[in-house]
Number of protein chains: 2
Amino acid sequence: MPEKVIPDIVVGRLPIYLRSLQRMLAENRHVTSSQELGERLGISAAQIRKDLSQFGEFGKQGTGYSIDFLADQLRQILKVDRVWDIAVVGAGDIGSAVARYQGFANRGLRVTMIFDNDPDKIGIQVGSFTVKDIANLGPTIVKAGIKIAMIATPSKEAQEVADQLISAGVKAILNYAPINLTVPEHVHVQHIDPVIHLQRMTYYL
Amino acid sequence: MPEKVIPDIVVGRLPIYLRSLQRMLAENRHVTSSQELGERLGISAAQIRKDLSQFGEFGKQGTGYSIDFLADQLRQILKVDRVWDIAVVGAGDIGSAVARYQGFANRGLRVTMIFDNDPDKIGIQVGSFTVKDIANLGPTIVKAGIKIAMIATPSKEAQEVADQLISAGVKAILNYAPINLTVPEHVHVQHIDPVIHLQRMTYYL
DNA sequence: TAGATTGTTAATCGATTAACAATC
DNA sequence: TAGATTGTTAATCGATTAACAATC
């Protein structure tokens, strides 16, 4: 029996739902509805119910959803009911900021190492990490069993770094370099480029 | 005659096209085709032609597109044929990194000021900027005529900062705080949260 | 019970793709 | 001319919404 394929676009909304639920929990709320969640997120209630129904039945008619329970379910679905170690490559401004970022806590993610190729940076402290030599990238990542990496190098080095990470078993890359990475089908890539986001808005100004 | 409304999703792809074209220019290329561009970006050639056709006819049958010309047209469409000044709010790791980011150059954007509310940060240098007191946020932004801002404050301050920015005439906000901002309809918001991007990928691991 | 809200179905809406005449 | 590639149309595909029976 082939497992049902969930559209990417649906998977992409789950982290947004989860973040909102965690926020409600922090506000000491216990129950919510598709309508309330939708209003907070600017998404229709019908869409939220449809999205969730792809994975099971998590609500109660007349009552809505237990926030705690639904958040738990989403964490399981997204596989962030555990903690994933992340390697950061590039110890410039962005790499350093992301290595020190506090926002990963309780969200299933944790930075555990940072690399650079600059002799002046190798060995210095970035937050609680000592910058490692990129020359040891592959073996270090293999040994640590790391599956997720963030690339924060200059554009011209990003593809080469990606290739090395993938050879070392990395399966998910968050790329801060403003360049499109080419990767095999079994590897997932997401891009963060502030300019792209900003240019999406200048059109409307 | 009402102007044709372009779908958001089409506008959202234009900056990607532009970035790729600028890269080709840097590689000293002069002509490209929808097919080549599509291969680089993992987008179908038909979709690229369809997207571009919403705005005009930029290519030549049999030859393709002049990279220089098409890039120029996209810059005009996206209104980045000029330079937009940006204010950064929050001078922590992320705000500082983004204020120093070199990647805005030649892409129609430029950071011109950075604010914080921490007395220990106000007055210090971040890149070429002196951190300003957030107490003066509104008037300073009005005076400078700034329309675009990036929020890199803690979550609990982000909505309040957004409200102030909007009162001061800001029309586009790039939000790095991991929280959904509520804004009037005429204001555009984009969110960057590395955790959201990462959780989109952990599902597939 | 009355009110509320789910999960699901069918209808609608919108986006993508395939195909090809036009033409460089 | 022959080959290539555009811009566009129509067909297909997929996503969103509206509506409602089920039921808490």
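Note that these values count all heavy atoms, side chains included, but never hydrogens, waters or copies made by symmetry. Residue numbering restarts at 1 for every chain, and letters A, B, ... go by the order of the sequence lines.
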Problem set entry | 5'-most by nearest nucleotide on DNA chain D - B/G64 or A/I43 | B/G64
Exercise. First and last nucleotide of DNA chain C in contact with chain B, 5' to 3', at under 4.0 Å to a heavy atom: what are they?
Worked result: C/dA15 to C/dC24
For this session: Evaluate the side-chain proximity of A/M113 to A/I146: yes if any heavy-atom separation is below 4.5 Å, no if none is.
Result: yes
Exercise. Which residues, if any, of residues 16-27 of chain B bring a heavy atom under 4.0 Å of DNA chain C?
Worked result: none
Exercise. Does the side chain of A/D8 come under 3.5 Å of the side chain of B/Y204 through a donor N or O and an acceptor N or O?
Worked result: yes
Exercise. For residues A/S20 and A/R40, is any side-chain donor paired with an opposing acceptor at under 3.5 Å?
Worked result: no
For this session: Find the partner of C/dG14: check Watson-Crick (N1-N3 plus N6-O4 or O6-N4) and G-U wobble (N1-O2, O6-N3) distances, both under 3.5 Å, and reply none if neither fits.
Result: D/dC13
Exercise. Quick one: do the B/D163 and B/Q159 side chains pair a donor with an acceptor below 3.5 Å?
Worked result: yes
Exercise. Can you find a heavy atom in the side chain of B/M150 that is under 4.5 Å from one in the side chain of B/I173?
Worked result: no
Problem set entry | Crowding at NZ, B/K60 (>12 non-hydrogen neighbours, <6.0 Å) | no
Seminar exercise, completed: If pairing means Watson-Crick or G-U wobble with both distances under 3.5 Å, then the partner of D/dA21 is C/dT6
For this session: Answer yes or no: are there more than 12 heavy-atom neighbours, outside A/K171 itself, under 6.0 Å from its atom NZ?
Result: yes
Exercise. For residues A/R19 and B/N180, is any side-chain donor paired with an opposing acceptor at under 3.5 Å?
Worked result: yes
Problem set entry | Closest-nucleotide 5' rank along DNA chain D - winner of A/K50 and B/R49 | B/R49
Seminar exercise, completed: Comparing B/Q61 with A/G62, nearest DNA chain C nucleotide closer to 5' gives the residue A/G62
